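Have a look at the structure below, then the notes.
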Amino acid sequence: RSSAIHTLWGKNPHHTGWINAGSTQTRFTGRKFVARRWFERHLGDEIMLSRAAENIFWLNRYLERADNYARFIDVNLNISIEMPPSYASKWLPLVETTGDTELFHELYKEATAENVIRFLATDTRNPNSIRSCLNMARENARIVREIISIEMWEAINALYLWVQNLHVGAYITGGSQ
C-alpha cells in the first residue's frame, strides 16, 4: 500500500479495511494540505510540491485571471454600447474591482473606456493586465513544456502572440485593428 493510504489508515494492526478520515488531520500543516507523492521534494521538516506542479498551478491562475479580465472588459463594453453617453464614466469600477486603482491613477489621469481597456488589457506596467498574465502563463508553460501536451503549448503560445500584436482600438472596434 502507498504511504498515503498508510497515513490514512494509521498503524492499527487490527485494520478492517476502512479508511480513517479522522487521521487525515496529521496531513495538514499550518492549514496547508501536505500531499504525499513521489514527485515531492523534502525541505527540512516540510514537504513541498515539485516545481512542475507549482508552475502548472500558476499557469492556470494566470490564464484564469486573463480570462476574467477579458470578460470584465467584454461585458462592460457591450453594456456601454446600449447605454447613453453619460455611461462613459462607468469604467472606473472595473479597475476598482481588480484592486489596481492606485496603480491606475498613477498611470492615467481619467478613467475613459480607452484608458481602462488599455490598463486592463495591454499595459505591461500593470502586472495584472491580460498581456502581463499571458506573458507569465507562457513562461510557466515554457518551464513545464515537456510535461504539458503539444496542443496546450501551441494554444498558449498562439494566444500570447495574438495578444502581443493587439492594440486597444481592436477591443473597442471589435478586432478590426
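Keep in mind it's a predicted model, so treat the numbers as computed, not measured.
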Tell me whether [X] contacts the main-chain N or O of [Y] through its side chain, where contact means a donor paired with an acceptor under 3.5 Å.
X: Ser129; Y: Leu120; value: no
X: Asn55; Y: Arg51; value: yes
X: Asn78; Y: Asp74; value: yes
X: Asn60; Y: Ile56; value: no

Check the pair Ile156 / Leu59 against side-chain contact (heavy atoms from CB on, under 4.5 Å), numbers first and verdict last. CA-CA 10 Å; Ile156 292 168; Leu59 163 66; 3.6 Å; yes
Please find the pair of heavy atoms, one from [X] and one from [Y], that lie closest to each other, and give the distance.
X: Trp91; Y: Ala111; value: CB-O, 3.7 Å
X: Asn165; Y: Arg131; value: N-NH2, 4.5 Å
X: Val116; Y: Leu94; value: CG1-CB, 4.3 Å
X: Leu166; Y: Thr122; value: O-CG2, 4.1 Å

With [X] via side chain to side chain contact (heavy atoms under 4.5 Å, CB included) - residues at least two apart:
X: Ala66; result: Ile130, Cys133, Leu134
X: Glu110; result: Thr112, Asn115
X: Thr97; result: Phe72

For residues 139-149, pull every pair meeting salt bridge (Lys or Arg N to Asp or Glu O under 4.0 Å), keeping only residues two or more places apart or in separate chains.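 Qualifying pairs, neighbours excluded: Glu139-Arg142.
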CA sep, side-chain torsions, deciding dist, call: Glu64, Tyr69, side-chain contact (heavy atoms from CB on, under 4.5 Å): CA-CA 9 Å; Glu64 280 186 36; Tyr69 277 34; over 6 Å; no
For Ser132 and Tyr62, what are the C-alpha separation, side-chain angles and deciding distance, and is it a side-chain contact (heavy atoms from CB on, under 4.5 Å)? CA-CA 9 Å; Ser132 297; Tyr62 286 123; over 6 Å; no
Can you sort out the partners of Arg65 under side-chain hydrogen bond (donor to acceptor under 3.5 Å, both in side chains), two or more places apart, ordered by chain and number?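 Per chain and number, Arg65 pairs via side-chain hydrogen bond (donor to acceptor under 3.5 Å, both in side chains) with Asn128.
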Could you pull out all residues at least two apart from Phe104 that satisfy ring pair (Phe, Tyr, Trp, His ring centres under 6.0 Å)?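 If we apply the ring pair (Phe, Tyr, Trp, His ring centres under 6.0 Å) test to Phe104, skipping adjacent residues, the hits are Tyr108, Phe119.
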